[in-house]
Each structure stands twice: as C-alpha cells, then as structure tokens.
**Student:** 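One structure is given below, represented as structure tokens, and several questions about it will come after.
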Amino acid sequence: MLAQRGHRVQLVETAPRLFEHAASYRAGAMIAPYCEAEAAEAVVQQAGLEALRLWQAVLPELAVNGTLVVAAPRDQGELQRFKRLTQGHETLTHKDLQALEPDLAGQFATALFYREEGHLSPGPAMRRLIATFKAHGGEFIERVEADGCNDVLTDGDYILDCRGIFAKKQLPDLRGVRGELVYIRSREVTLRRPVRLLHPRFPLYIVPHGKGTYMVGATMIESEAEGPVTLRSALQLLSAAYAVHPAFAEAEICGFASGVRPAFPDNLPKIIVRGNYIHINGLYRHGFLLAPVLARQVADFIEQGRAVSDPYHWIKYEE
Ligand SMILES: Cc1cc2nc3c(=O)[nH]c(=O)nc-3n(C[C@H](O)[C@H](O)[C@H](O)COP(=O)(O)OP(=O)(O)OC[C@H]3O[C@@H](n4cnc5c(N)ncnc54)[C@H](O)[C@@H]3O)c2cc1C
C-alpha cells in the first residue's frame, strides 16, 4: 500500500525458501468478517468489512463465493447458537443448498450462508502481492535477516516490523496459537466455497484452494511449537473432512502442516509506534481478514502522523 502511494519501500524477508516460516502461507485465507464475529470483538467484523473492499481493489481474483456453515443433526443447537451470534447470513433450505453446493446436500438438510464473505489461496495471493509491490517500485530483499536491534536498513524514515511470532523478544505480551491443517485432493467432491463444520469441541473448516485441492483446518492450541502435526489433530482434521462428505475418504493426502498465529492477550492486532520503529503484529486468526486495514492505517500514520484517525483503537504510542 505504501509502494502504491509512491513511497520508497524495501521489504526484507529472512526465509531461505520463500514463505517457509510464514504463518500466512499456512492460512485458510478466509476473509470472513461475519463468521469470525462469533468469537471475536465487534471491531473485527467492522474492520473486516472494510478489508473485503480493500482486498477487492488489490486482488481482483479474490473469490467472493460466500461461506457455508453446517452442523451434524445432533449438533443443530450449535448451528442455532452460531446464527444468534453472527450477522450477514441467510438460512438455506435443503433445496437452496442443493442449488448452491450440490455435493453438500446429501449430508446436510440446512446451512447458514454468508453471501458476502470471500477466500484466497494464500501462496498465489502472496506471490501476486509481491509482484504488485515490485511493479510499484518496491525492492524485495530476500534471505536477509532484519533484527529488532541490528537492522539491515539504515537510511529509511521508518522501520515496520511485521515478523509475526518471530518478534516475540521485542513484544513480551505476544503469544503463539498453533494451528494444524491437512491439504487433500479429491476428484469426487466439488466445493466452491469454504465450509465450516460446527462441533461443540472441534469446529473445523474446509477451504477450496483450486484444482480439487482443499485445506482442512485448523486446530487452535495455546503453543508456539512449530513441529509436526500430532496424531490426535490429524484424526480430528480427517474426521471433519469425512463428516462433510464421505467421498473425502477417497481423497489423497497431500501433506500436513502447522503454523503459529501471533496473538496479544485480547486477540486484537496492534500498531505499536516506538519512535520511527513500528510493530504491526498480533493478527491472531485474522491476518488475511485484517491485513489491508492495518496497512492502510500504517500508511495513513506515516503520511499524517499523530493526527491520523484510529477508528479501531489499534495504534499504541510507546515513546
Ligand atoms: C492454520 C492457520 C489458518 C489460518 N487461517 C486464517 C484465515 O482463514 N483467515 C485469516 O484472516 N487468518 C488466518 N490465519 C491467521 C493468519 O495466518 C495470521 O494472522 C497471519 O499469518 C500473521 O501474519 P504475519 O505477517 O504477522 O506473520 P507471518 O505470516 O508469520 O510472517 C512473518 C514473516 O516474517 C519473516 N521474518 C521473521 N523474522 C525475520 C527477520 N528477522 N528478518 C526478516 N524477516 C523475518 C518470516 O520469515 C515470515 O515470512 C490462520 C493461521 C493459521 C496458522
């Protein structure tokens, strides 16, 4: 966003292989302001709706096919609870569901449909953002480590630290929330939009990432461990896929993965201004949902200083 506005920007990324350590690369990349409001502060929905518009301007390939929320017959109470806690939905009859997502209609009699929500495939979206950044004159410096104290950048007016969980040393309040997922490929099942399967203990989702591939995610574990997916989590993830459609039993498992969501105690993001060093962090479950709004706010701050408006109260001055 800064490059688009004509600023000179250098982007420093340390990973030996692009996106290797980025939580963003592991995300479902759902832009779901209404569904996320079930367990988030109201401000997340408000900012998420702004973000949807900003994403559409930057990435025209954003799929705005909506989200479907379903529950097994024994968990219909969960569906009613979810409906009460969220806005922006329609309750689908079985006939509506059949017309919208035929492969789900065999398993579920009804669903909630959040028409305005979108989703991305994180890898292609992130590559596209880098290409757009370069097209606006941005300089991408790869395989170089920028450190909170020992920065490679010396001639800039501002340093923007977007290191996620890797900035923990400078942000003692930051914690990790581990998310595990599995990628599968199916020839039998076709879904056009993310499907959230409600469950009292293991609510999970399936996101179509194109060409028959799906990301099934994601666990929420209070841990910063990056290691392999546990057997327990694998069972939960695969059972969720099977519950959404039994033909997923024939799907190929393309791989398991995990990522660590960076979160502050209130699970809301923050823009922490320490002189000309600005931390943008704590995006928790909402990195894709909220990133463009945070980028816009930081760009506005850099251009307007403390006079900038802060409708979501995310800017903290710590000089
Ligand atoms: C399984 C899972 C599913 C998710 N699903 C969704 C979803 O559907 N929708 C949504 O909105 N959010 C989702 N999220 C949350 C989202 O992924 C995170 O909020 C977001 O990725 C955080 O982004 P970030 O840029 O802060 O951190 P990261 O994506 O982790 O990026 C940090 C980057 O900093 C680099 N770095 C680290 N140290 C240095 C250094 N010293 N110098 C240079 N570079 C460095 C790293 O290599 C990395 O590329 C999900 C997260 C997980 C784990």
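Residue indices begin at 1 and follow the sequence shown. What you see is a predicted model, and the numbers here were worked out from it, not measured in a lab. For the numbers below, each heavy atom of this structure counts, side chains included, while hydrogens, waters and symmetry mates do not. Start at 1 and go down the list; that is how both ligands and their atoms are numbered.
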**Student:** Strictly below 4.0 Å, N to O, side chains only: are Glu224 and Arg175 in salt-bridge contact?
**Tutor:** no
**Student:** Using a strict 4.0 Å cut-off to heavy atoms of Gly259, name the atoms of ligand 1 that fall inside it.
**Tutor:** 53 (C)
**Student:** Could you list the atoms of ligand 1 found under 4.0 angstrom from a heavy atom of Tyr284?
**Tutor:** 15 (C), 16 (C), 18 (C), 19 (O)
**Student:** Phe248 and Tyr214: aromatic ring centres closer than 6.0 Å?
**Tutor:** yes
**Student:** Polar contacts were defined as any N/O atom of the residue lying under 3.5 Å from an N/O atom of the ligand; does this apply to Arg26 and ligand 1?
**Tutor:** no
**Student:** Is it the case that the side chain of His245 and the backbone of Tyr242 share a donor-acceptor pair, with hydrogens and angles ignored and the cut-off at 3.5 Å?
**Tutor:** no
**Student:** I want to know if ligand 1 touches Asn281 in the polar sense, i.e. an N/O pair below 3.5 angstrom.
**Tutor:** no
**Student:** For Tyr317 and Phe301, take the angle between the two ring planes, folded into 0 to 90°, and tell me which bin it lands in: parallel under 30, tilted 30 to 60, perpendicular over 60.
**Tutor:** tilted
**Student:** Which ligand 1 atoms are under 4.0 Å away from a heavy-atom of Gly287?
**Tutor:** 10 (C), 11 (O), 12 (N), 15 (C), 16 (C), 18 (C), 19 (O), 20 (C)
**Student:** I'd like to check which ligand 1 atoms, numbered from 1 as shown, lie under 4.0 Å from a non-hydrogen atom of Phe288.
**Tutor:** 10 (C), 11 (O), 12 (N)
**Student:** Heavy atoms only: which of Ala218, Ala29, Gly48, Ala23 lies closest to atom 7 (C) of ligand 1?
**Tutor:** Ala29
**Student:** Hey, is Gly217 one of the residues with a heavy atom under 4.0 angstrom from ligand 1?
**Tutor:** no
**Student:** Would Tyr25 count as a contact of ligand 1 if the rule is a heavy atom under 4.0 Å away?
**Tutor:** no
**Student:** Is Arg196 salt-bridged to Glu36, going by a charged N under 4.0 Å from an acidic O?
**Tutor:** yes
**Student:** Please compare Ala51, Gly28, Ala257 and report which has the shortest non-hydrogen distance to atom 5 (N) of ligand 1.
**Tutor:** Gly28
**Student:** Can you confirm, on distance only, whether ligand 1 has an N/O atom lying under 3.5 Å from any N/O atom belonging to Arg285?
**Tutor:** yes
**Student:** So Tyr277 and His279, ring pair (Phe, Tyr, Trp, His ring centres under 6.0 Å) or not? Walk me through it.
**Tutor:** CA-CA 7 Å; Tyr277 195 105; His279 284 278; 5.1 Å; yes
**Student:** What are the atoms of ligand 1, with element, lying closer than 4.0 Å to any heavy atom of Leu283?
**Tutor:** 19 (O)
**Student:** Partners of Tyr312 by ring-ring contact (aromatic ring centres under 6.0 Å, His included), sequence neighbours excluded?
**Tutor:** Trp314
**Student:** Who passes salt bridge (charged side-chain N to carboxylate O under 4.0 Å, His left out) against Asp266, sequence neighbours left out?
**Tutor:** Lys270
**Student:** Considering only heavy atoms of Leu181, which atoms of ligand 1 have at least one such atom less than 4.0 Å away?
**Tutor:** 1 (C)
**Student:** Compute the shortest N/O to N/O distance between Met30 and ligand 1 and return yes if it is under 3.5 Å, no if not.
**Tutor:** yes
**Student:** Tell me whether Ala146 has any N or O atom under 3.5 angstrom from an N or O of ligand 1.
**Tutor:** yes
**Student:** Which of the numbered atoms in ligand 1 are under 4.0 angstrom from any heavy atom belonging to Val12?
**Tutor:** 43 (C), 44 (N)
**Student:** State whether Glu117 and Arg115 are salt-bridged, where the test is any N-O pair (Lys NZ or Arg NE/NH1/NH2 against Asp/Glu carboxylate O) under 4.0 Å.
**Tutor:** no
**Student:** Salt-bridge test for Lys168 and Asp173: reply yes if a basic N is under 4.0 Å from a carboxylate O, no otherwise.
**Tutor:** no
**Student:** Identify, by atom number and element, the atoms of ligand 1 in contact range of Leu289, meaning under 4.0 Å from any of its heavy atoms.
**Tutor:** 10 (C), 11 (O)
